[in-house]
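Quick caveat: nothing in here was measured; it's all calculated off a predicted structure. Values below: all heavy atoms of this structure, side chains included; hydrogens, waters and symmetry mates excluded. In what follows, chains carry the letters A, B, and so on, assigned in the order in which the sequence lines appear, proteins first and then strands, with residues in each chain numbered from 1.
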Amino acid sequence: MGISIDEQIRILSRRSERILNEDDLRKKLARSEKTGKPLRIKMGMDPTAPDVTLGHAVPMKVIREFQDWGHKAVIIIGDYTARVGDPSGRNETRPVLSGEEIDRNAKTYVAQVGKILRTDPEHLEVRYNGEWLAKMNLVDIIRLTGRMTLAQVLQRDDFAKRFSEQVELRLHELIYPLLQGWDSVMIDADVEMGGSDQLFNNLVGREFQKEEGKESQVVIVTPLLVGTDGAIKMSKSKGNYIAVTDPASGPKGMFGKIMSLPDHLMESYYTLLTDLPAEEFRSLIQSNPRDAKVRLAKVMIMWLHDAASAAAAESEFVRTTHGGVPDEMPEFSIGSGPHKLAPLMVKAGMVTSNGEGIRKIKEGAVKIDQQKVTDFQKEYTFDKPVVLQLGNRKFARLKP
RNA sequence: GGGCGUGUACCGAAGUGGUCAAACGGGUCAGACUGUAAAUCUGAUGGCUCUGCCUUCGAAGGUUCGAAUCCUUCCGCGCCCA
């Protein structure tokens, strides 16, 4: 394998907010090296929404390092815990999904995770925690809850906060960390990865393993990636996320989303999501933020798509920001007309109502074949396809 | 079971009889600027056959010339006491 343990720790530290604890990790790594037995690196995924985001990608990149050193990722799909709802980092109760929704989401996870992780059976094991949680009966569950006190559970920051602020806190939410901890026992995790908001949950696993007379897992938490709003943690439910499966270009594509990140986020994105050396991107960010962001976008797309898509996304971006028109856009057959423009904009999905379309025309935001439209009452007849444009990001080809 | 409180547009939050399609903030969209879609400034943001009309303020009824605002019932939610 060739890399010293010191070197491994150094590499891991780039994305580690905390390692609990480092000595244990060193011991595990050393033993694994000696025996050739890979470590089991656990990460839980809550299938409450179908997208794996760049937020998940941060701990997953760490897992990928472990895989590259010969260890095994164990991804736990929380099909059962999703029925409970992880309250991490929330100040409100998470909605509980139906079984079908969860299953549907869970299925797509494996493919998405494959963009980041090695997926051969040597390096990846995917488990559903319903596998063992579904078998527990009431007595088992009551015993599990008896392992912790209320005071211990309320140490968790968001629980404590909600409790003291008199925000709703349901009993089932308190059980969530216990279930997640039990997962670690069941799969014999050596290391559990997660965002820093998972710290408490992961430590429960460490504790439970010890109680069961097993070797305790090491807990590594990564910094939380801030979402596209530049303010709060990237999360599916807040809509401030970039998904690993987002298209490279287009109005909702990775390139555009990354370009619209506030500049001050670039350093953390470079650090957490790329492997470029810090000196390199720091100086680029300082000297030319615009180019630094383009570079970031391209690196991300090369990673999650491919080099050709990255180049195409950039050229499309440059063209459209300079008033150009992209090669590809959605097409709509509308018949020759006559048509008023606002309803066409609705049909093309650019606006949600005629009124909004009319407003946009009045604002001077609408163009047909690059010509600004000013009269919202005017009726148009088309004998050949035209490009309808709102702002410089939304395009549709209208065919007679 | 008892008490207090609460339900307003995408979200948060004002409004306690007419001047309310409803302040303000956030978000979103657009305009200007910019070799970033960042930042900043500006505008828009219920629907429509758009200088007017229609439908909204948890639901249903009611009082009134007139209700988001008052009354009745119902539903949802929060906390406290038991």
Student check: side-chain heavy atoms of A/R40 and A/H71 closer than 4.5 Å: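 Answer no - side chains too far apart.
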
Contact pattern, 5' to 3', of nucleotides 32-41 of chain B - B, S or - by protein heavy atom under 4.0 Å: ---BBBB---

[X] [atom1] to [N] [atom2]: how many Å, rounded?
X      : N     : atom1 : atom2 : value
A/F395 : B/C29 : CZ    : P     : 15 Å
A/H339 : B/U49 : NE2   : P     : 16 Å
A/M350 : B/U28 : CE    : C1'   : 17 Å
A/E363 : B/U42 : CD    : P     : 15 Å
A/E356 : B/G31 : CD    : P     : 13 Å
A/D229 : B/C29 : CG    : C1'   : 17 Å
A/F376 : B/U51 : CZ    : C1'   : 11 Å
A/L388 : B/A30 : CG    : P     : 13 Å

Side-chain ion pair, A/D68 and A/R64, N-O less than 4.0 Å: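 Looking at A/D68 and A/R64, the cut-off is met.
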
Carboxylate-amine/guanidinium proximity below 4.0 Å for A/E131 and A/R127: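 Looking at A/R127 together with A/E131, the answer is yes, because their closest N to O distance falls below 4.0 Å.
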
Paired with [N]: which nucleotide, if any, by Watson-Crick or G-U wobble criteria at under 3.5 Å for both distances?
N     : value
B/C53 : B/G47
B/A9  : none
B/U19 : none
B/G78 : B/C4
B/U73 : B/A59
B/A68 : none
B/C41 : B/G31

May I ask you to establish whether [X] and [Y] are in a cation-pi arrangement, using a distance under 6.0 Å from NZ or CZ to the six-membered ring centre and at most 45° from the ring axis?
X      : Y      : result
A/R397 : A/F332 : no
A/K298 : A/W303 : no
A/K214 : A/F208 : no

Distance, nearest 0.5 Å, that separates CD of A/Q180 from CG of A/N201: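 A/Q180 CD to A/N201 CG: 4.0 Å, rounded to 0.5 Å.
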
Touch class at under 4.0 angstrom, heavy-atom based, for A/G355 against every strand present: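 Answer is base: heavy atoms of A/G355 come under 4.0 Å of a base.
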
